[in-house]
Amino acid sequence: MKRRALTGFAAILTSTLMFTGCNSSDSLDNPRQGTITIAADESFQPVVSALTKAYEGIYPDAHFNVLYRPEQEAVLALLQDSARLAIVTRELTTKEKDYIREQEGAHRVQHIAVDGIALITSKTNTDSLITMAELEQIFNGTITDWSQLKGSNQTGKVTLVFDDANSSNLGFMLKQFNVEDVTKLRIFTAGNNEKVIDYVRKNPQTIGFIGVNWISDGDESITYELSKGIHVMGVSDKAEPASKADYYQPFQQDLIRRKYPLSRKLYIISREGFSGLGGGLMTYIARDVGGLIIQKMGLVPAVPYPREIEVRSEQNF
């Protein structure tokens with residue numbers, strides 16, 4: 001009886017709080033003001049930081065508390081309702097959608113960009129080209145030594161370096177090659193994308209996997225510093241490439257042309273049930289200069305920033 005009574009009281013209390021919250025205009029944020037929490041895959045920290053700071057610059061009363069987490073943890077924060085938005089590389093599974101529905105919550109997904117996973121090696125390692133077939137053999141355990149790669153000039157065990165065991169980078173590569181058992185692979189997790197770069201720079205027998213936005217904003221000094229001492233590998237989807245022209249890198253030109261084999265989509269997933277600050281950010285990215293910021297950071301915006309040119313025909317110029 002006590003348990004039922006407590007459960008009933010909790011339900012009444014929750015309903016009261018919801019009723020009070022819904023009728024208090026001060027408690028709800030809107031597209032121009034308020035504070036909300038966002039969970040974002042750490043691989044996209046540079047572009048997410050640029051977007052949120054730009055929005056806060058337009059609306060000084062709008063504030064984003066961004067939790068940079070491995071992708072699985074970012075999705076979990078959304079499901080637990082500790083984050084209003086999640087910025088990740090996948091949509092929710094059916095089970096995850098059902099979980100939100102059971103909470104009587106709403107969810108909305110928006111494709112915002114195309115990204116590429118950058119494969120990096122130390123500059124002391126001159127092997128900067130690799131095929132998808134070779135990568136598949138590395139991930140299924142057939143190739144374990146650099147000497148087994150075509151044209152390689154070094155020996156030693158191939159070590160794969162990722163940011164985190166729950167990251168989108170590792171998850172994408174495992175899914176790409178249908179890998180279910182990683183126990184036979186030499187995988188090292190460095191902690192975050194920046195640490196992956198630092199580790200690879202010092203260890204020539206490694207291949208690092210990072211979000212390309214960490215090294216693709218040419219206007220940022222940190223990009224210049226992070227790019228020192230590393231090669232960005234060219235990847236070919238041909239088993240027998242005829243020349244270097246058959247290899248592509250995860251930079252905009254090859255992403256736009258859909259040539260880079262390790263490209264992926266970036267999404268914002270919202271569980272906002274009203275027109276709030278989260279919706280304002282999503283609109284900014286889809287319709288305003290948010291797309292231009294995404295482009296500047298080296299990704300390809302899902303909705304290109306419109307460029308309108310006015311042509312006037314006059315007698316005297």
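Along the sequence shown, residues are numbered consecutively beginning with 1.
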Q252 side chain to L299 backbone, donor-acceptor under 3.5 Å: yes
Under 4.5 Å between any side-chain heavy atoms of T189 and D164, yes or no? no
Any D29 side-chain heavy atom under 4.5 Å of I36 side chain: yes
Is the backbone N or O of T155 less than 3.5 Å from a side-chain atom of S147, with the two atoms forming a donor-acceptor pair by type? no
Measure from the side-chain N and O atoms of N203 to the backbone N and O of Q205, and report whether any donor-acceptor pair falls under 3.5 Å. no
Look only at the side chain of Q154 and the backbone of N125, and say whether a donor-acceptor pair between them is shorter than 3.5 Å. no
If you measure from CG on D254 to CZ on R257, what distance do you get to the nearest 0.5 Å? 5.5 Å
Where do V88 and L266 come nearest, in terms of heavy atoms and distance? O-CD1, 3.3 Å
Can any side-chain N or O of Y260 pair as donor or acceptor with the backbone N or O of I117 at less than 3.5 Å? yes
Close side-chain approach of L277 to L281, heavy-atom, < 4.5 Å: no
Can you list everything that forms a side-chain contact (heavy atoms from CB on, under 4.5 Å) with T283? Sequence neighbours excluded, please. R287
S270 and Q110: side chain donor to acceptor below 3.5 Å: no
Please name all residues satisfying ring-ring contact (aromatic ring centres under 6.0 Å, His included) with F162, sequence neighbours left out, ordered by chain then number. F209
Can you list everything that forms a ring-ring contact (aromatic ring centres under 6.0 Å, His included) with Y248? Sequence neighbours excluded, please. none
Under a 4.5 Å cut-off applied to non-hydrogen side-chain atoms, are L262 and L135 in contact? yes
Would you say the side chains of R84 and N65 form a donor-acceptor pair under 3.5 Å? no
For V232, is there any backbone N or O sitting under 3.5 Å from a side-chain donor or acceptor partner on Q249? yes
Flag the pair L92 / I100 as yes when at least one side-chain heavy-atom distance between them is below 4.5 Å, and no otherwise. yes
Does D115 use its side chain to pair, donor to acceptor, with the backbone of G211 at less than 3.5 Å? no
Under a 3.5 Å distance rule, please check whether E73 uses its side chain to pair with a backbone N or O of N166 as donor and acceptor. no
Walk me through whether Q103 and R271 qualify under side-chain contact (heavy atoms from CB on, under 4.5 Å). CA-CA 11 Å; Q103 300 172 347; R271 59 174 302 157; 2.7 Å; yes
Is the shortest heavy-atom distance from the side chain of R90 to the side chain of Q72 under 4.5 Å? yes
Within 6.0 Å of NZ in K195, more than 12 heavy atoms from elsewhere: no
With a 4.5 Å heavy-atom cut-off, do T52 and V66 have their side chains touching? yes
Under a 3.5 Å threshold, yes or no: a donor from one side chain and an acceptor from the other, between S167 and D163? yes
Closest heavy-atom pair and its distance - S216, G298: OG-CA, 3.5 Å
Can a side-chain donor-acceptor contact be found between D246 and S236 if the only test is distance below 3.5 angstrom? no
Are the charged groups of K228 and E225 less than 4.0 angstrom apart, N to O? yes
Are side-chain heavy atoms of W214 and V196 found at a separation under 4.5 Å? no
